[in-house]
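First up is the structure itself, then whatever we jot down about it.
Just so we're on the same page: letters track the sequence lines, and every chain starts at 1.
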Number of protein chains: 2
Amino acid sequence: MLSTEKIIDAMSEQGLRITDQRKTLAKLFGEHSGYLSAKDVYEFMGKKYSGLSFDTVYRNLRVMQELGVLEQIVFEDGVKFKASCSEDHHHHHMICLQCEKTYPISFCPVSMADTPDEFQVVKHKFEVFGYCKDCRQPADAGLSVNPLSGHTGEH
Amino acid sequence: MLSTEKIIDAMSEQGLRITDQRKTLAKLFGEHSGYLSAKDVYEFMGKKYSGLSFDTVYRNLRVMQELGVLEQIVFEDGVKFKASCSEDHHHHHMICLQCEKTYPISFCPVSMADTPDEFQVVKHKFEVFGYCKDCRQPADAGLSVNPLSGHTGEH
DNA sequence: TTTTGTGCAAAGACTTTGCAGGAAG
DNA sequence: CTTCCTGCAAAGTCTTTGCACAAAA
């Protein structure tokens, strides 16, 4: 994941002005490895900047995403952001349903899925959801822990 | 994919009233194998029902999704619906970026991704995007056709 | 001092909710 | 004839845009 400094450097190199708010944003994402919604970010920033407006948060999130320092993912419950991965090789993720931190998976299933030749593969998505070691749930919490019985978006 | 009749039967069995609009909805999803947005559905239904209101479309889509006859997926550009899969075994999908039809993939990568024991796997998502045989794109259309170079949401 | 960022206000897109009349069973 | 469905109107949520002032380089 990109560090606070790398985020600031990247913004600076692209000619963006390094305002105090943007420094704080860089720090937030540089130190928080989970996903954050625009509202999360607004609430966090609001603690420091009393007159903060929502549109500036949106603008900065968008600028940072377009610049490539933030990744934007659409979850069922809305759009969320986190610092881009610094790993440069292709990989996938485990995502914790509690803290929304991500952990890399180096295995890539695409070559093993026998997609017929007449289907032109462009991109793919492989995500494993569950609870990380810090957020373990009781086994009987009503959620299956059998990897083959929990389904999301695979239909 | 569920047929028009199965959709209607399921709704009827659950005590839902089979109105003309709902018959048309069942027919739409029973015969269209791609994903449709609420707007798509509204526009289609609007051709037949002049005084149609958006909220009724939303209500019916939600009811049908909660009943299980429709599947709802969040794409980058919004929420979309299609008839539920009738296949009862676990599978994944190839999704055409042009027509948004889906094609089953029986291979499931979860067991092969070496998720550490301390990560409690709950569910997973594996989707392959591209162009189906009816929607092939020229190879130089600016989109990679290399399955290993196209990335979406895997970071 | 020039260019970009910010807050404010407003609007826009999408979705949900309360209500009263109308239709299904 | 009872219950559910529909359209209408309104409101709610999330996000974007235009403008004038303020701040960065």
Side-chain angles (χ1 to χ4, degrees), chain A residues 5 7-29 35-67 69-81, chain B residues 5 7-29 35-67 69-81:
Chain A
E5 295 73 39
I7 295 174
I8 292 177
D9 289 353
M11 292 202 286
S12 183
E13 274 169 30
Q14 292 294 320
L16 293 184
R17 304 212 165 150
I18 306 308
T19 63
D20 202 60
Q21 256 190 67
R22 285 177 176 171
K23 271 185 214 151
T24 307
L25 271 174
K27 191 159 180 293
L28 171 60
F29 282 104
Y35 285 96
L36 295 170
S37 67
K39 195 167 161 241
D40 294 334
V41 174
Y42 177 72
E43 282 167 4
F44 177 86
M45 300 286 287
K47 285 187 262 174
K48 188 164 178 184
Y49 307 93
S50 57
L52 183 69
S53 59
F54 235 117
D55 48 78
T56 304
V57 170
Y58 275 107
R59 265 187 291 240
N60 280 327
L61 288 174
R62 183 137 65 119
V63 163
M64 291 169 78
Q65 188 253 317
E66 283 168 356
L67 200 150
V69 298
L70 292 189
E71 282 173 16
Q72 176 181 326
I73 300 215
V74 182
F75 286 97
E76 313 265 319
D77 65 336
V79 175
K80 302 198 177 176
F81 299 84
Chain B
E5 295 72 41
I7 294 173
I8 292 176
D9 289 352
M11 291 201 287
S12 184
E13 274 169 28
Q14 293 294 320
L16 293 184
R17 304 215 163 146
I18 307 305
T19 62
D20 202 60
Q21 254 190 68
R22 285 177 177 172
K23 272 185 213 148
T24 307
L25 270 175
K27 191 159 180 296
L28 171 60
F29 283 105
Y35 285 95
L36 296 170
S37 67
K39 195 168 162 239
D40 294 334
V41 174
Y42 177 74
E43 281 166 5
F44 177 87
M45 300 286 288
K47 284 188 261 172
K48 189 164 178 185
Y49 306 93
S50 56
L52 183 69
S53 59
F54 236 118
D55 47 79
T56 304
V57 171
Y58 275 108
R59 266 187 290 239
N60 280 327
L61 289 174
R62 183 137 66 117
V63 162
M64 291 169 77
Q65 187 254 317
E66 284 169 354
L67 201 150
V69 297
L70 291 190
E71 282 172 15
Q72 175 181 328
I73 300 217
V74 183
F75 286 96
E76 313 265 318
D77 64 336
V79 175
K80 301 198 176 175
F81 299 84

**Report entry** Length of the NZ-C1' vector between B:K80 and C:dT15, whole Å
**Finding:** 17 Å
Query raised in the report: Which angle, rounded to 10°, do you find between the first-five-pair axis and the last-five-pair axis of the helix from C:dT1-D:dA25 to C:dG25-D:dC1?
Result: 40°
Query raised in the report: Just by distance, with hydrogens left out, do A:T24 and A:Y49 show a side-chain donor and acceptor under 3.5 Å apart?
Result: yes
Requested in this report: Could you check B:G15 against B:Y49 and say which one's nearest nucleotide on DNA chain D is further toward the 5' end?
Outcome: B:G15
Query - Approximate separation, where rounding is to 0.5 Å, of A:N60 CG and A:F81 CZ - result: 11.0 Å
**Report entry** B:D77 CG to C:dC14 P, straight-line distance once rounded to whole Å
**Finding:** 10 Å
Query - Any A:T19 side-chain N or O less than 4.0 Å from OP1/OP2 of C:dT4 - result: no
Query - Side chain to side chain, A:K48 and A:D20, heavy atoms closer than 4.5 Å - result: yes
Query raised in the report: Just checking, any donor-acceptor pair under 3.5 angstrom between side chains of A:D40 and A:Y35?
Result: no
Query - Sugar-phosphate only, base, or nothing, as touched by B:R62 at under 4.0 Å among non-hydrogen atoms - result: sugar-phosphate
Query raised in the report: Expressed in angstrom and rounded to an integer, what is the separation of B:L16 atom CG from C:dG25 atom P?
Result: 10 Å
Report task. To the nearest Å, give me how far apart CZ (B:F75) and P (C:dC14) are. Result -> 16 Å
Query - A:S53 side-chain N/O to C:dG7 phosphate OP1/OP2 under 4.0 Å - result: yes
Query raised in the report: Quick one: are A:L16 and A:M64 in side-chain contact, heavy atoms under 4.5 Å?
Result: no
Report task. Starting from C1' on C:dC14, measure out to CZ on B:F81 and report it in whole angstrom. Result -> 12 Å
Query raised in the report: CD/B:Q65 to CD/B:E71 distance, rounded to the nearest 0.5 angstrom?
Result: 9.0 Å
Report summary line: Span of DNA chain D engaged by chain B, first through last nucleotide within the 4.0 Å heavy-atom cut-off, is D:dT3 to D:dA9
Query raised in the report: Which is true for A:R22 with a 4.0 Å heavy-atom rule: it touches a base, it touches only sugar-phosphate, or it touches nothing?
Result: sugar-phosphate
Query raised in the report: When rounded to the nearest 0.5 angstrom, what is the spacing between CG in A:L67 and CD in A:E13?
Result: 9.5 Å
Requested in this report: Write down the distance between CZ (B:R17) and P (C:dG22), rounded to a whole number of angstrom.
Outcome: 16 Å
Report task. Report the distance from atom CG of B:D20 to atom P of C:dG25, rounded to the nearest whole Å. Result -> 11 Å
Requested in this report: Starting at atom CG of A:D55, determine the distance to atom P of C:dA10, rounded to an integer number of angstrom.
Outcome: 13 Å
Report task. Report yes if the side chains of B:L52 and B:Y42 come closer than 4.5 Å at any heavy-atom pair, otherwise no. Result -> yes
Query raised in the report: Hey, does B:I7 have a side-chain heavy atom less than 4.5 Å from the side chain of B:F29?
Result: yes
